[in-house]
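Everything quoted here is computed from the prediction, not taken from an experiment.
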Amino acid sequence: MAKVTVDRATIDLFATEKQRGRPKSSPYSREQQMRINKKNQLTRDKQNGLKRVEIKLHREMYDKASVLAAEKGLSRSELLAELINNSLENL
């Protein structure tokens, strides 16, 4: 049987060859992978009934929210959603 260098199906034939770095796990470039992953994330969010909201906060408020979220064991996003929900219920 002839050994074809592009055929990586049988590892034992290539045991003597050393390859540097991690094995390639995707045919896409990193930029394309990130684009695909973001699209998949947005699709999952949409299926879960989530909507994206973007806000700008002062650094002090951002840091307070980060610390409080860590203390409660939540993500910052979950903490802010909880705070907004509580505010809406109290109106």
Side-chain angles (χ1 to χ4, degrees):
M1 175 163 94
K3 179 167 118 174
V4 180
T5 56
V6 293
D7 180 23
R8 299 291 182 188
T10 54
I11 295 174
D12 57 329
L13 292 175
F14 300 95
T16 58
E17 292 183 24
K18 296 213 177 211
Q19 294 184 2
R20 295 184 54 177
R22 282 178 55 187
K24 191 169 183 177
S25 58
S26 176
Y28 302 112
S29 69
R30 184 68 187 140
E31 183 180 329
Q32 289 171 320
Q33 287 179 43
M34 289 172 55
R35 198 174 310 129
I36 291 167
N37 289 342
K38 187 63 177 177
K39 182 180 176 185
N40 290 341
Q41 178 67 48
L42 292 174
T43 303
R44 281 193 305 271
D45 288 348
K46 188 176 181 181
Q47 289 172 345
N48 291 331
L50 299 175
K51 289 283 190 181
R52 183 182 175 103
V53 176
E54 187 173 334
I55 61 171
K56 293 183 181 183
L57 301 173
H58 289 283
R59 175 53 98 185
E60 298 83 23
M61 194 181 310
Y62 177 87
D63 292 338
K64 283 182 186 178
S66 297
V67 169
L68 187 58
E71 288 174 359
K72 289 189 164 205
L74 300 171
S75 69
R76 193 173 39 253
S77 176
E78 291 170 332
L79 173 73
L80 293 175
E82 183 180 309
L83 292 172
I84 291 170
N85 191 35
N86 290 344
S87 295
L88 290 173
E89 288 177 357
N90 291 330
L91 287 178

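Atom NZ of residue Lys64 and atom CG of residue Leu79 lie 13.0 Å apart, to the nearest 0.5 angstrom. Interatomic distance, Ile36 CD1 to Ser26 OG, rounded to the nearest 0.5 Å: 6.5 Å. Atom CG of Asn37 sits about 11.5 Å away from atom OH of Tyr28, to the nearest 0.5 Å. The structure places CG of Leu83 at 9.5 Å from CG of Leu74, a figure rounded to the nearest 0.5 Å. A distance of 6.0 Å separates CD of Gln33 from OG of Ser25, quoted to the nearest 0.5 Å. Between Leu68 atom CG and Glu82 atom CD the span is 8.5 Å, to the nearest 0.5 Å.
Using a 3.5 Å distance cut-off with no hydrogens or angles, the side chains of Gln41 and Asp45 do pair a donor with an acceptor.
In this structure, Arg35 pairs ionically with Glu31, as a charged nitrogen and a carboxylate oxygen lie closer than 4.0 Å. The existence of a salt bridge linking Lys72 and Glu78 is excluded, since no basic side-chain nitrogen approaches an acidic carboxylate oxygen closer than 4.0 Å.
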> Could you go step by step and tell me if Lys46 and Leu42 meet the side chain to side chain contact (heavy atoms under 4.5 Å, CB included) rule?
Replying inline: CA-CA 6 Å; Lys46 188 176 181 181; Leu42 292 174; over 6 Å; no
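Of the possible polar contacts, none joining the Glu89 side chain to the Asn86 backbone as a donor-acceptor pair under 3.5 Å is found.
Transitive grouping of hydrophobic side chains (ILVMFWY, heavy atoms separated by less than 4.5 Å) keeps Leu88 and Val53 in distinct clusters.
When all heavy atoms are compared, the tightest approach of Arg76 to Ser66 is NH1-OG, 2.9 Å.
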